Structures are given as structure tokens and as C-alpha cells.
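In what follows, every chain begins at residue 1, and chains take the letters A, B, ... in the order their sequences are listed. Since this is a predicted model, take the numbers as computed values, not measurements.
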Amino acid sequence: MRDYDFTAIETGWQKRWEESGAFERGNGGGGEKYYLLEMYPYPSGKIHMGHVRNYTIGDAVARLLRMQGFDVLYPMGYDALGLPAENAAIENNVNPRDWTLQCIAGMEKQQRRMGWSYDWSRKLSTCDPEYYRWNQWLFLRMYERGLAYRREAPINWCPRCETVLANEQVVAGACWRCDTKVEVRSLEQWFLRITQYAEELLAGLDALDGWPERVRVMQKNWIGKSRGATVNFRLKDTGETLPVFTTRPDTLYGATFMVFAPEHPKVMELVKGTDYEKPVAAFVNRVVIEDRFLRTAEDREKEGVYIGRDAINPLTGEPIPIFTANFVLMEYGTGMIMAVPAHDQRDFEFARKYGIAVRVVIVPPGESLDPAAMTRAYEGEGTMVNSGAFSGLHNVEGIERVTRCLEEKGIGEESVQYKLRDWLVSRQRYWGTIIPIIYCDDCGVVPVPEKDLPVEFPTDVEFTGRGNPLATSKTFAAAACPKCGGAARRETDTMDTFVDSSWYYFRFTSPRCRALPFDKEQARYWMPVDQYIGGIEHAILHLFYSRFFTRVMRDLGLTEHSEPFRKLLCQGMVIKDGAKMSKSLGNIVDPDEMIEKYGADTCRLFILFASPPEKDLEWSDRGIEGSHRFLKRTWRALLPLAEKWREASPPAGAIDLEIKRLVHKTLKKVTGDVGVRMHHNTAVSALMEFLNAFSGFVKEKGTGPGALPSLKYAADHFLMMLSLFAPHVSEELWREFGNEGFVSLQPWPRWDEELTVEETVEIAVQVNGKVRDRLRLPKGAGEDEAFEAALASARIRKYTSDGRIVNRVYVPNRLVSIVVG
RNA sequence: GCCGAAGUGGCGGAACCGGCAGACGCACCAGACUCAAAAUCUGGCGGGGCGCAAGCCUCGUGGGGGUUCGACUCCCCCCUUCGGCACCA
């Protein structure tokens with residue numbers, strides 16, 4: 001018997017698949033469409049175990065769907081623009097484009113070595129001008145509609161990357177990519193008006209029942225919707241309106257001071273020329289330059305100063321002092337707040353520190369509160385007191401009533417606030433999509449005409465590691481104004497690369513479309529993505545931007561879909577020795593080495609078997625050997641049978657019932673586990689059980705002519721199922737049995753429900769909740785029959801003889817439960 | 001602090017709708033084969049107890065309570081771990 005030479009087998013079948021275009025769309029049969037997608041990789045040059053896991057999970061599903069007759073779209077591409085290419089350019093003095101293309105080539109080769117069944121004919125790279133042309137096109141459409149706009153704003157600046165970051169890309173005060181502490185600067189930048197879609201993005205989450213709950217919650221928190229009211233306070237001396245946002249209008253009678261954010265322009269305006277100007281300016285200047293992450297930490301001590309002016313509480317008519325303090329944020333609400341120390345912990349701490357009155361306006365039902373004795377704010381529900389006509393109301397009703405009263409008096413209105421901010425997309429970088437804008441001294445901001453797209457990368461640039469390389473080009477910046485023809489200059493900022501990934505899944509539906517970003521008909525057919533698979537790290541960033549882009553494209557008339565991803569699976573990390581694989585920990589397992597040592601089939605099998613997809617997977621060198629052993633056992637069990645089968649040219653014979661049951665039971669398990677539950681680990685274990693049972697059968701019945709048809713039947717079905725996980729060895733053995741065509745493209749057999757249940761079933765017999773005996777009864781035995789059998793058992797009689805039976809329960813084919821009193 | 005997920009043998013995990021806890025695999029132990037080792041094959045493998053043995057009893061799914069004939073599964077309280085958000089008025 002020849003050895004299991006996995007390297008030869010795998011390269012052979014990869015070649016045959018490729019030459020025949022086996023997995024290009026159209027070979028799946030004319031069934032219902034299914035768009036299966038994994039998050040495309042950044043082409044770093046080498047795949048890692050995280051990729052292996054992500055893509056193997058998807059591939060098993062793609063293979064099943066294809067065999068089941070679905071019209072499957074399963075593409076692969078590269079998120080090819082981005083900082084690492086530029087850093088490589090700086091370090092190795094190469095062009096980012098050359099470096100990236102080389103990385104893509106290397107990565108694709110590895111992906112093919114894994115035997116993933118992508119439709120490679122649809123491959124795309126976002127660094128292709130025919131791709132990023134459409135980033136620019138979409139940007140211009142958004143500009144026309146006011147969805148892309150430019151403004152000066154305090155922005156997050158990463159000093160290491162020397163670029164601006166979006167709020168979503170600042171993680172715990174540091175750059176999401178390089179972990180450098182982020183600074184705040186004020187710059188003219190391009191934004192996308194994602195806030196315009198805040199309400200829709202929030203409402204849409206409810207319908208995404210195919211998404212993990214935690215992702216929906218994260219997005220919900222990120223949008224951060226608060227309902228409340230805008231209340232117009234007035235400046236005591238001038239009557240000027242000072243609007244504040246509050247979620248607790250019911251506490252308005254307890255507002256004993258106001259606080260402005262230090263950045264608020266009103267602060268310096270109001271103190272100008274007064275005794276307070278100097279101390280307030282000193283405070284503001286100190287706080288404003290403070291590290292923003294530190295300043296906004298919850299445990300930061302609250303401090304502030306009185307600015308020498310008072311406001312009028314619109315309901316009590318009383319004057320209250322105005323402060324500026326570090327805990328109020330300029331960018332949320334109106335940048336100023338009403339402070340209710342009795343019922344807000346932050347306000348309470350501040351009031352105690354500065355000796356401001358604490359006025360109780362809500363008390364717990366049936367209790368009272370003494371402001372002097374309070375040690376913290378009472379933030380719970382209760383009865384309104386000291387609140388004029390509202391006293392005695394429950395505060396939840398009070399929210400409603402006070403708001404209505406404000407509206408009637410014209411001093412406030414119901415309103416909603418979001419934490420979500422517009423998406424800052426400008427990056428001072430080279431290897432990103434150039435923002436297609438020209439600045440003319442006479443005409444101002446002028447979009448690049450559509451006929452001049454794409455704006456491509458200049459090549460006469462220097463990569464020094466400092467500042468934007470685009471700005472070093474001698475030829476790039478100079479441009480004729482598209483409007484007046486006069487001398488003008490180009491925008492040198494590029495787009496955040498998350499723009500690229502916000503719509504690439506649409507492009508896959510028609511990757512060579514020339515007229516538009518994608519063909520509308522193709523998108524109508526394929527979208528939405530039925531199953532999306534990727535890491536949880538994109539829970540907000542990529543997945544949120546994609547939902548935004550899909551809606552923008554809908555409003556541009558490009559698609560009728562609003563949600564891009566129907567179902568989402570977030571697979572867990574691959575860890576080793578309890579930690580994420582990383583260079584610094586030295587616990588990286590290289591997929592190439594594993595393929596070398598065990599073959600792609602073994603890697604695939606192990607990574608699916610070791611853990612269910614959504615859990616973290618602990619890499620085990622012993623574990624992968626176990627999976628390898630299973631494939632070797634498969635090989636040794638089936639290859640000699642295949643030879644016998646070919647030599648014997650056996651007669652068609654009846655299939656053994658026991659074998660049939662085994663096949664159908666396993667079919668049901670594998671089909672459900674991979675296709676519905678996506679718990680590949682239990683599907684693999686079902687195949688292991690199958691092989692164990694199969695070997696037992698061979699041992700018992702032998703391999704004579706009478707047994708061969710049954711064994712062939714079992715082997716064929718086994719190989720079809722195994723091909724989802726270990727496709728190469730399955731193809732090889734399939735051919736050894738003399739079968740035609742690819743096992744990977746066989747129609748998936750249906751199971752017969754009748755055959756998945758044994759003829760006789762084991763029924764547990766419980767007495768007072770404890771299992772005391774097991775009976776073998778015919779399938780579907782009736783209640784009376786079961787009890788008769790149970791009570792006939794000596795073991796059961798032992799318990800029933802000295803008591804009377806007070807209750808009995810029967811679960812057909814499962815158990816009998818007897819309660820003895 | 002708020003929100004979310006999870007906690008089962010030495011380990012990864014299984015038990016899908018409230019019905020036999022520990023499938024499958026790893027590790028380990030014993031045996032077969034071998035001069036020997038590796039590989040391979042066979043058997044055993046949650047804890048405690050009784051029995052020469054077949055077997056039997058008992059405890060056991062983070063802890064405590066509850067519902068139920070019956071709970072890893074449902075409800076209440078608590079603990080631990082991981083993830084997200086975090087002065088958002």
C-alpha cells in the first residue's frame with residue numbers, strides 16, 4: 001500500500017481544481033444564491049493562524065453549500081492600501097506598490113496551498129486604480145450631497161504615524177495600530193457625515209438577529225443615544241440664552257449651578273475685562289492642553305472655577321453661579337450643563353468641593369433626604385419634592401410633564417443626543433486613496449471632474465518617515481483648476497483605508513464593472529452577504545462603517561439594500577500557551593511549517609476540531625498530531641478497500657442496514673453542524689465516530705464480495721462529508737474508488753430521517769429522579785408497554801416494592817420516570 | 001461603575017427543545033507487536049466507597065437557594081475570568 005503522501009496529493013488536487021475552474025461561480029448548480037464572505041486580509045506577506053482559522057471555517061461552509069446546490073459566491077481579495085506598506089517603503093527603500101503586490105502574490109500562493117475553494121476569478125485589490133477610482137467617485141457623490149465636508153476641528157493625532165485618527169481608531173487614548181499615545185491638534189480635515197445616519201444605524205440593529213448580541217450592543221453603545229430635553233437657561237445680566245441638554249428635566253428645580261466646558265468660546269467672552277479674566281484664563285489654558293484621555297477618565301478629580309457670572313434657572317427664577325470645569329465636554333450636547341448636585345454624582349462631588357448648595361428634589365418613595373447628611377447623589381427613582389406644581393409626582397412621569405411645561409413656555413423642548421461623531425477620513429499619508437479635490441484661490445474647493453478619475457499616485461516621492469510623502473512630490477500638487485483653468489493645488493490628504501473596506505463586498509458581485517462601483521443588477525442578485533465571518537476586533541470600526549456606506553449607496557440609488565451582512569460570525573482568536581500569538585511572546589505557529597509537516601488537510605481538520613468557531617482556540621502541537629493520525633487511519637482503512645473494489649468489479653448488492661443507519665445518522669449530524677449551527681468541531685468528531693464504527697464493521701464482517709457494496713456505500717458518503725474539512729485526501733480516495741468527477745462537487749446526499757433512529761432504543765428508568773435501570777425497547781414503544789417493562793425489572797422492583805407509585809412520567813424513546821411515595 | 005459573554009475530568013471540548021453528564025480527541029496507564037525504540041493495534045481512564053468478580057452505592061457541571069418526577073440547561077442571589085464602554089450631562 002502506498003503511503004499517505006499528503007504533499008503530492010495536495011498539490012495534485014490543487015492543480016486539478018484550478019485547471020478545471022472547479023470553484024468558479026456557476027459550478028454550484030442553479031439553486032438559490034448564497035453569498036459567503038470572510039473579511040479580506042491586509043496583505044502583510046504571510047498568512048497567520050488567525051487567517052487559517054477564519055478561512056477554513058468559511059471554506060467548510062462554502063463547500064457544503066456548493067454541494068447542496070446553492071449558487072455560491074465565495075470570493076477573496078486584498079485590503080491593499082495602508083500604513084505597513086508605507087513603513088516597508090521607508091525601511092527598505094522600495095515603492096509601496098511593489099512591496100504590496102509582492103505580498104499579495106505570496107499570500108495568495110499560501111491560500112491556494114490551503115485548498116480554500118475561492119472563486120479566484122473575482123480577486124480584487126484595493127490598491128488597483130480600478131478599485132480606488134470608485135472610492136474617489138463615491139467621495140465626490142458624498143461631497144455633492146454634503147455627506148463629505150471639510151472643517152477645522154480638534155482631532156486625534158498620532159505622532160508616530162504622523163496622521164490623524166478617527167474616534168473609532170483611538171483605543172484607550174492610544175493609536176489603534178501602533179499604540180502610541182494620541183495628541184489633540186486643531187486642523188482642517190475631511191469628515192463623512194455618519195451622524196446623519198445615527199438613528200437609522202441604531203434602529204437597524206434590532207433587525208440584525210443573525211449577528212452576535214455583543215456586537216449589536218457595542219454598536220448601540222457607540223452610537224450612544226440619549227433622550228432628554230434642551231432647556232434654555234438665561235444669563236442673568238443680559239438675558240442671553242444658554243441652552244443645555246439634560247436627560248433629567250425632572251431634576252430642573254434642583255439645578256443649583258451651571259458648568260461650561262473649558263473650550264467653550266463663551267467662557268473667555270464672559271470674563272473679558274473682569275477680575276475673573278486672569279484666573280479663568282489660567283485655568284482654561286491649563287486644562288485645555290491636558291492629555292485628553294486622562295482628563296476624561298471617570299476617576300479624574302473634578303476641578304473648576306467660578307467665572308463671575310450667574311444664570312437664571314428658568315423654572316425657579318433663581319440666580320445660579322456659572323463655572324467652567326474639566327469634567328464638561330465641549331463636543332457633547334451644547335458644551336454646557338445644568339448641574340444638579342443632589343441627583344448627579346459628578347455634580348455632587350463638584351458642589352461639595354466648592355461649597356455649592358445641594359437641593360433635594362427627588363426622594364426615595366416613603367423616605368426623605370437631608371442634603372447636609374448626604375454622602376453621595378441620589379440617582380434613583382422617587383417622588384418629586386421642592387418642585388413647585390410638580391411636587392408629589394413620580395419622577396419618571398415628571399420627566400414627561402416638565403418637558404411639556406418647558407415646551408409650552410417656549411423655554412425648552414424634547415431632544416435627543418448621540419455620542420457618535422462624524423467620521424474623520426483625512427490621513428496625511430501616501431498609500432491611501434487620494435481625496436479628489438483641488439483648491440483654487442479664486443474658486444475655492446473644487447472637486448476633480450469624474451473624467452479625470454482616478455487620481456493616481458505620483459511616483460516622484462520620498463519616503464523619509466516624516467510627514468506626508470505626497471507633499472514631497474514636485475509634480476503632484478500643481479493642478480489646473482477644473483473650473484477656471486487657473487493655477488491651483490491638489491489635496492494631498494488621502495482617505496482612511498476603512499473607506500476601501502466599507503464597500504468591497506459590493507465590488508465582488510461585479511469586480512470588473514467599468515461604469516459604476518458595481519453592477520446594480522449583480523448587486524441586486526447577490527447582496528446582502530448571507531454569511532460574513534471575521535474577527536471581533538471589527539465589531540465597531542469596519543462593520544459600522546460598512547452599514548453606513550451601504551445606506552449612503554442606497555441613497556445614491558446604487559442599491560436597494562440597507563444592511564450589508566445578514567448573518568455574522570465572529571470567530572475566536574488562536575492562542576498558544578494562554579496568550580495571543582505574537583512575535584514578542586515568541587509563541588507564533590507558522591502555517592507554512594505546519595503544512596510542510598502535516599499537510600493542509602491536517603491543519604484544516606485540527607483547527608476546526610479543536611474548538612467551536614466563536615471560541616478562542618488553544619493551539620496544541622499534540623492536538624494536531626491527533627488530527628493527523630485520524631487522516632492516516634482514514635487512508636489505511638480506505639485505500640486497500642478501494643483496491644479490492646476496483647479488482648473485484650463487484651456485483652450490485654444490498655446495503656447493510658447497520659451501515660445505512662450509520663451513514664444517515666452521520667449525514668444528519670454533519671449537515672446540521674456545518675450548515676446550521678456552524679459547530680464544525682462536533683461534525684469532525686462525528687466523522688471520527690463514523691470511522692471507528694466503520695472499522696468495527698469491517699473487522700466483524702470482513703471485506704468479502706458480500707460486504708463490498710456496503711463498504712463502498714459507506715466510503716463514498718464518508719468521503720463526501722470529509723471533503724468539507726480535508727478535501728485533498730478525500731478527492732484522492734474518491735478517485736481510488738474509481739469514482740468520476742470531483743468529490744467536492746458531488747450533490748450532497750439527503751438523509752432519511754427514518755434511518756437516523758435505531759430500531760430499538762435504550763430507555764432510562766428513573767426512580768425518584770435517579771437512573772436505576774436501562775431498558776432496550778422497540779422504537780416508538782407506547783407508555784403502557786414501557787411501564788410494564790420497567791416494573792418487571794428486578795432492579796426497579798427493589799425500589800417500588802416497599803412504597804406506592806405516586807407519579808409516572810414517560811418520554812417516548814427516552815425515559816421512564818417513577819415516583820415512589 | 002454600566003453592558004455583554006463565559007465558568008463541565010489532568011487538558012481541548014460534547015450533551016442542539018428540561019430527560020442516561022463527560023461523546024470525540026489529547027495526555028496518561030496497561031497489554032500486543034518488536035532484540036529494542038518509534039509507528040501501529042487492543043483495553044482502561046471524574047472523585048470516594050463496597051465487592052474475589054459480574055456489579056452495586058454515593059458525591060459530582062464556579063458557590064448558595066428555588067421551580068420540577070427530573071436541572072450543565074429555567075428563576076433568584078453571590079463569586080471568578082474574559083471582552084466592550086467608561087465624567088456623554
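Taking atom NZ of A/K770 as the reference point, atom P of B/C56 lies 15 Å away to the nearest angstrom. Atom CZ in A/R636 sits about 6 Å away from atom P in B/U40, given to the nearest Å. Spacing between atom CD of A/E303 and atom C1' of B/C87 amounts to 13 Å, rounded to whole angstrom units. Between A/F260 atom CZ and B/A89 atom P the separation is 19 Å, expressed in whole Å. As a whole-Å value, the separation of A/F630 CZ from B/G12 P is 23 Å. Residue A/E618 contributes atom CD, which lies 8 Å from atom C1' of B/G12 at whole-angstrom precision. In this structure, CG of A/L617 is placed 19 Å from P of B/C82, rounded to the nearest angstrom. Rounded to an integer number of Å, the gap from A/I624 CD1 to B/A27 C1' is 17 Å.
Using a 4.0 Å heavy-atom distance criterion, A/V244 is classed as making no nucleic acid contact. Looking at heavy-atom distances under 4.0 Å, A/V811 makes contact with a base. No engagement by A/R216 is indicated, since no non-hydrogen atom pair under 4.0 Å with the nucleic acid exists. Among the heavy atoms of the strands lying under 4.0 Å from A/D616 are primed sugar atoms or P, OP1, OP2 only; no base atom is included. Within 4.0 Å (heavy atoms only), A/K668 reaches no atom of the nucleic acid at all. Contacts of A/P212 with the nucleic acid, taken as non-hydrogen atoms under 4.0 Å apart, are absent. Counting any heavy atom pair closer than 4.0 Å across all strands shown, A/R214 reaches sugar-phosphate atoms only and no base atom. Among the heavy atoms of the strands lying under 4.0 Å from A/R300 is at least one base atom, whether or not backbone atoms are also near.
Residue A/K669 has its side chain nearest to B/C16 when only B/C16, B/G19, B/A14 are considered. Listed nucleotides B/C69, B/A89, B/C56 differ in distance to A/S817; the shortest reach to its side chain belongs to B/C69. When each of B/A39, B/A89, B/C69 is scored by its nearest atom to the side-chain atoms of A/N807, the top-ranked nucleotide is B/C69. Of all nucleotides listed (B/C87, B/G12, B/C57), B/C87 comes nearest to the side chain of A/N326. Of the candidate nucleotides B/C16, B/G13, B/C69, B/C69 has the atom lying nearest to any side-chain atom of A/V819.
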Discussion item. Let me check I have this right: for RNA chain B, each base becomes ., (, ), [, ] or |, based on Watson-Crick or G-U pairs with both distances under 3.5 Å. What is the full string?
Written reply: (((((((..(((......[....))).(((((.......))))).(((((....)))))..(((((..]....))))))))))))....

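The residue among A/E213 and A/T246 whose nearest nucleotide of RNA chain B is located toward the 5' end is A/E213.
Between A/R772 and B/G70 there is no side-chain polar atom (N or O) within less than 4.0 angstrom of OP1 or OP2. At B/C57, one or more side-chain N or O atoms of A/Y799 fall inside 4.0 Å of OP1 or OP2 (strictly under the cut-off). Dashed line: the shortest gap from a side-chain N or O of A/R622 to OP1 or OP2 of B/G12 is not under 4.0 Å.
With both ends at atom P, the span from B/G31 to B/A38 equals 14 Å, rounded to whole Å. Going from the C1' atom of B/A21 to that of B/G46 covers 10 Å, rounded to whole Å. Spacing between B/G63 and B/G9 at atom P, rounded to whole Å, works out to 10 Å. Comparing the same atom, C1', in B/U40 and in B/U34 gives a spacing of 11 Å after rounding to whole Å. For the P atoms, the distance linking B/A6 with B/C59 amounts to 29 Å, nearest Å. Using atom P as the reference point in both B/C82 and B/U73, the two lie 24 Å apart (nearest Å). Rounded to whole Å, the C1' atom of B/C20 lies 25 Å from the corresponding atom of B/G10. Here, B/C33 and B/A37 have their P atoms 12 Å apart, quoted to the whole Å.
Contact between A/V674 and A/V61 at its shortest, heavy atoms only, is O-CG2, 4.0 Å. Listed here is the closest heavy atom pair of A/E263 and A/V288: CG-CG2, 4.0 Å. Between A/A786 and A/V816, the shortest heavy-atom distance links the atoms CB-CG2, 3.8 Å.
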Practice prompt. Take A/E689 and A/K669 through the salt bridge (Lys or Arg N to Asp or Glu O under 4.0 Å) test and state the conclusion after the steps.
Written response: CA-CA 11 Å; A/E689 288 180 72; A/K669 176 88 179 141; over 6 Å; no

Discussion item. Working note: A/D784 + A/R808, criterion salt bridge (Lys or Arg N to Asp or Glu O under 4.0 Å); need CA distance, chi angles, decisive distance, verdict.
Written reply: CA-CA 11 Å; A/D784 292 342; A/R808 40 186 254 179; 3.7 Å; yes

Discussion item. Evaluate A/F6 against A/H628 for ring pair (Phe, Tyr, Trp, His ring centres under 6.0 Å), listing each step before the verdict.
Written reply: CA-CA 10 Å; A/F6 48 83; A/H628 191 57; 5.5 Å; yes

Worksheet item: Going through the distances and angles, do A/E213 and A/R216 end up as a salt bridge (Lys or Arg N to Asp or Glu O under 4.0 Å)?
Response: CA-CA 5 Å; A/E213 180 64 14; A/R216 292 200 279 174; 3.2 Å; yes

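For A/K302 against B/C87, a side-chain N or O and a base N or O form a donor-acceptor pair under 3.5 Å.
For A/K779, the NZ atom is densely surrounded, since the number of other residues' heavy atoms within 6.0 Å is greater than 12. In the displayed structure, A/R677 atom CZ is contacted under 6.0 Å by more than 12 heavy atoms of other residues, nucleotides or ligands.
Of the listed residues (A/T241, A/L242, A/V231), just one forms a side chain to side chain contact (heavy atoms under 4.5 Å, CB included) with A/P314, and that residue is A/V231.
Expressed to the nearest 0.5 Å, how far CZ of A/R774 lies from CG of A/L815 amounts to 11.0 Å.
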Are any protein N/O atoms closer than 3.5 Å to N/O atoms in nucleotides 20-25 of chain B? If there are, list each pair with its distance.
| unit_1 | atom_1 | unit_2 | atom_2 | d |
| --- | --- | --- | --- | --- |
| B/C20 | O2 | A/R774 | NE | 2.4 |
| B/C20 | O2 | A/R774 | NH2 | 3.0 |
| B/C20 | N3 | A/E762 | OE1 | 3.1 |
| B/C20 | N4 | A/E762 | O | 3.4 |
| B/A23 | O2' | A/E689 | OE1 | 3.2 |
| B/A23 | O2' | A/E689 | OE2 | 3.4 |
| B/G25 | OP1 | A/N692 | ND2 | 3.3 |

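Using cut-offs of 30° and 60° for the angle between ring planes, the A/F257 and A/F350 rings count as parallel. Ring geometry, A/W423 versus A/Y545: the interplanar angle falls under 30°, so the pair is classed parallel (tilted spans 30 to 60°).
An anti base is found at B/C85: its glycosidic angle is more than 90° from 0. With its glycosidic angle within 90° of 0, B/G9 is assigned syn.
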